[in-house]
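Worksheet for the structure shown next.
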Amino acid sequence: MNPRLIWKSVKKEAELVVNDHSILLVLLAAPLLYFILMGSTYIKKDEEKVSIGVVDLDLTKSSKSFLNKIDATQKVAITHAYTDLSEAKDGLSKFEVQGIVSIPKDFEKKLKKNESSPIGLILNNTKFLSSNDINKAVNLVAMEYALDSRQKYFESNGINPSLAELKANPIVSQVNAVYNPTNNYGNFLLPVLLLLILHQTLLIGLSESVASDRKKQVMQIAFKESNQNFLNYIVGKLGFYLFLYAAYMLFTFSVAFPYFDLPIHGNFITLLAVSSIFLTTTLLYGWFISSFFSSQVIAMEIMAFTSYPVFLITGVTWSLDQMPLLLQLVSKLIPLQPFFEFIKRHAIMGVDHHLYSDLIVHLLVLLLLGYVVAFLRFSYLQKKYMTSVKDIPNSIQEG
Amino acid sequence: MLKTWPVYRVFKRELLRLAQQKSIRNLFIIIPIVVFLVLGAIYYKGALREVPIAVYDNDNSTLSRTYIRFLESSPNLKVTTYLSATDAIENAFVEKDVQGVFYIPKDFYKDILKNAPTQVRIYTNSTNIVFGNLLYKSAVEVTQSLSGAIVAKRMAPLGINPNKILGTVLPIAINTRVLGNPQYNYVYYLLPGLTTVLLQMILFLAASRAFNHEWKKNTYSQLFSLSEGSITAMLLGKYFAFMVYGLSLCGLIFAIIFPIFGIPIYGNLMHLLALVLLFISANILLGFGLSLIVKDEIIALDAAIFYNSPAFIFSGFTFPIWAMPWLNTLYAQIIPYTHFLTAFLKLYQIDTPLSFIWPEVWKLLLFLLLGLLMISIGLIINKNKIFISQKTTVA
């Protein structure tokens with residue numbers, strides 16, 4: 001390795017980025033704008049006031065009290081009152097409301113006679129989050145009524161109120177949502193979303209640069225300037241990106257995470273060290289893939305469309321073992337997969353190091369793999385360029 | 001007759017021009033086929049079943065074992081690990097690869113017999129709220145079932161009319177009806193949304209290079225002469241060609257991807273087609289506008305990617321728009337996909353009458369107007385490049 005040559009290449013790459021408006025936009029403007037735009041989307045972390053429509057055919061004190069209790073729960077709000085079910089269904093179809101609670105006639109009468117009073121709940125399940133929240137709220141209120149009714153029964157049989165309360169609810173389930181106490185959407189998605197933004201902008205920017213090198217036939221010159229040495233070339237080419245994105249990572253963990261109230265329970269130095277391994281691996285992978293493109297446009301387009309599959313295949317939103325075996329294998333080859341899992345265990349869960357060391361090993365294996373494939377590709381291109389130079393008659397070369 | 005019509009000539013040329021571009025072949029063939037199939041395959045199982053859980057039975061009584069049997073009978077849960085005193089509950093999520101831990105306390109049975117309060121503690125790994133929500137729901141269901149059965153047993157010796165037991169133990173029965181994906185299937189939920197957002201992205205990106213690419217490749221003069229200098233012929237010819245490509249992509253989504261993954265379409269197909277045509281048109285015109293305003297195709301592509309990439313997040317599909325800060329809700333409104341998605345879900349999943357999607361249709365029509373406005377601005381800004389003289393054309 002020749003530090004002087006590497007430094008020269010790093011400076012050259014920085015110049016290229018500064019002079020190419022497209023790459024500059026992707027590497028400097030996009031990460032910050034996306035952080036603001038997408039990060040702030042989840043700043044409230046969770047939804048509130050999911051709209052419910054009601055059809056109260058009973059119109060009694062009991063039915064009103066039941067609806068008030070639903071309205072008082074944290075995540076839902078009764079926003080529409082309909083006169084009949086057909087009107088309410090139209091409201092649901094127009095997406096005025098996300099769910100309908102319908103109370104039939106004789107609701108109060110049945111309650112007083114200790115008969116089961118069925119109520120109707122219609123859910124718009126085209127969006128799971130709101131549908132789940134309505135379902136949860138209505139069931140919670142119904143459960144309150146159940147406990148109250150049981151208690152009253154025991155009391156009516158001469159049992160004192162405190163014992164009646166215990167008898168009414170023999171088993172209490174206390175659900176603790178660990179690592180995300182309110183089970184909110186923001187804490188679930190934000191950490192990985194911020195890292196995905198960095199990952200994707202890095203890949204798009206790098207692929208544009210490498211594709212541009214190939215198109216302008218600058219790559220063979222860069223090989224030559226690196227004394228045909230892989231390490232000189234690759235460190236020089238990728239060093240600038242590593243430095244820039246290491247700074248972004250530092251910003252993410254020390255500014256963005258605290259700003260969005262996201263926890264970092266593990267050791268900060270370890271976090272940065274593993275992030276550096278991840279970035280290096282991603283850069284090697286990125287260079288290898290980009291070296292097949294000779295058009296900036298195609299490179300950008302393809303990289304832009306990898307965002308959704310790459311994110312979803314990592315198993316962040318859906319269990320990896322529920323996917324087909326082939327996708328599980330592909331997922332394991334993507335550096336983002338062990339890195340997300342590492343962030344989850346180290347930063348969010350704060351588990352002991354022996355519980356995430358396998359992920360560091362996984363990342364190191366991928367780093368080695370990235371190095372090997374990039375080296376093989378470099379050797380291939382080097383050979384190709386040398387052959388093409390040899391093929392040109394000496395007189396032309398001299399000319 | 002048709003062959004001499006400038007619009008047709010531009011249309012034919014554009015179809016060929018697009019087919020010859022590697023980038024377009026990637027956008028309309030390779031990327032959608034690979035990405036749609038991968039996205040569908042990720043969620044191919046549809047619903048989450050048998051989420052692995054661990055149980056720490058510190059009571060080891062008849063009742064605690066009954067509780068565990070209740071857990072095992074839930075279709076959502078699968079007891080994969082039994083923890084002992086030596087296991088640390090906080091590490092079980094990672095060490096035992098489970099998503100939840102159920103802790104049954106010591107004297108669980110005795111306490112119930114004594115009417116003393118007892119609590120089953122459930123720890124869910126809520127780093128993923130999909131598991132968190134499912135475990136919460138299942139845990140509450142299982143516990144309430146057993147709890148209700150115990151209460152019913154306690155009531156029997158006190159004398160209760162059998163017809164009143166249910167009304168006393170569970171006075172309010174909830175009859176739930178689920179519209180739009182009653183199966184709670186994740187493929188039905190996510191794949192239509194993801195494929196249609198990619199449809200917007202692909203069309204917008206391709207259209208954002210419709211004119212500036214011609215300038216870059218010096219083929220504009222050919223287009224100009226073929227259209228006989230008529231900008232309307234150029235726009236219409238290109239629009240119809242892009243429409244053909246857009247509809248082919250829709251064919252891939254609705255006629256191939258949906259059947260492969262068994263996604264049902266409940267709504268009227270003609271209504272759906274009309275909506276899709278409007279959506280495609282809005283994106284093509286917006287893309288054309290960008291292409292005419294921004295001369296550098298790479299910068300236009302940057303802008304298109306930047307504008308379109310967050311469309312899914314802002315659509316309110318997975319996180320509602322009303323829960324976003326006002327600036328973000330504003331951004332959501334300026335993306336056609338947001339309005340298309342609402343109308344699309346209404347039509348294809350809820351099967352609403354066409355009149356119920358008018359609010360979204362109006363908004364999409366506004367995007368058409370915006371596209372036309374952008375095109376006009378582009379024509380004014382770059383008039384020297386667009387309205388070239390006949391002399392230049394011949395040269």
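- Heavy atoms of B:F306 lying under 4.5 Å from chain A belong to its backbone as well as its side chain.
- Comparing B:S126, B:G193, B:S355 by how many heavy-atom pairs each has under 4.5 Å with chain A, the most go to B:S126.
- Residue contact with chain B, scored on non-hydrogen atoms closer than 4.5 Å, involves the backbone and the side chain of A:I122 alike.
- B:I350 touches chain A through its side chain: at least one heavy atom from C-beta onward sits under 4.5 Å away, while N, CA, C and O do not.
- Contact annotation: the side chain of A:V175 never approaches that of A:N183 to less than 4.5 Å [non-hydrogen atoms, C-beta and beyond].
- Using bins of under 30°, 30° to 60° and over 60° for the plane-to-plane angle, the ring pair A:Y185/A:Y42 lands in the tilted bin.
- Only the side chain of A:S130 has a heavy atom closer than 4.5 Å to any heavy atom of chain B.
- Residue contact with chain A, scored on non-hydrogen atoms closer than 4.5 Å, involves the backbone and the side chain of B:L48 alike.
- A side-chain N or O of A:Q200 and one of A:T306 form a donor-acceptor pair less than 3.5 Å apart.
- The cationic group of B:K137 does not satisfy the cation-pi geometry with A:F128, failing either the under 6.0 Å distance to the six-membered ring centre or the 45° limit from the ring axis.
- In this structure, the portions of B:T342 lying under 4.5 Å from any heavy atom of chain A include both its backbone and its side chain.
- For B:V197, the part lying near chain A is the side chain, with the backbone staying farther off; criterion is any non-hydrogen pair under 4.5 Å.
- For chain A, the nearby parts of B:I42 are the backbone and the side chain; heavy atoms of each come within less than 4.5 Å.
- Using a 4.5 Å cut-off between heavy atoms, B:Q349 touches chain A through its side chain atoms alone.
- Looking at B:L198, the atoms closer than 4.5 Å to chain A (heavy atoms on both sides) sit in the backbone and in the side chain alike.
- Using a 4.5 Å cut-off between heavy atoms, B:A47 touches chain A through its backbone atoms (N, CA, C, O) alone.
- When B:V130, B:V142, B:I165, B:I202 are compared by the number of non-hydrogen pairs under 4.5 Å with chain A, B:I202 comes out ahead.
- With a 4.5 Å cut-off on non-hydrogen atoms, B:T318 touches chain A through its backbone and its side chain both.
- The cationic atom of A:K167 (NZ for Lys, CZ for Arg) lies less than 6.0 Å from the six-membered ring centre of A:F154 and within 45° of the ring axis.
- Between A:E47 and A:K127, none of the side-chain N atoms (NZ, or NE/NH1/NH2) sits under 4.0 Å from a carboxylate O, so this pair counts as no salt bridge.
- Heavy atoms closer than 4.5 Å to chain A are found nowhere in B:Q21, neither backbone nor side chain.
- Taking 4.5 Å as the limit, every side-chain heavy atom of B:Y188 sits out of range of all side-chain heavy atoms of B:Y43.
- Take A:S294 and apply the side-chain hydrogen bond (donor to acceptor under 3.5 Å, both in side chains) test, not counting sequence neighbours, and it matches no residue.
- For B:I299, the part lying near chain A is the side chain, with the backbone staying farther off; criterion is any non-hydrogen pair under 4.5 Å.
- Under the 6.0 Å distance and 45° angle rule, A:K344 does not count as a cation-pi partner of B:F93.
- A:I298 touches chain B through its side chain: at least one heavy atom from C-beta onward sits under 4.5 Å away, while N, CA, C and O do not.
- Both the backbone and the side chain of B:L345 come within less than 4.5 Å of a heavy atom of chain A.
- Interface residue B:L170: backbone and side-chain heavy atoms are both found under 4.5 Å from chain A.
- A:N157 touches chain B through its side chain: at least one heavy atom from C-beta onward sits under 4.5 Å away, while N, CA, C and O do not.
- Taking a cutoff of 4.0 Å between a charged side-chain nitrogen and a carboxylate oxygen, A:K152 and A:D148 qualify as a salt bridge.
- In this structure, A:H346 and A:Y356 have perpendicular ring planes: the angle between them is above 60°, well past the 30° mark.
- Annotation: side chain to side chain contact (heavy atoms under 4.5 Å, CB included) contacts of B:A41 (sequence neighbours excluded): A:P324, A:L327.
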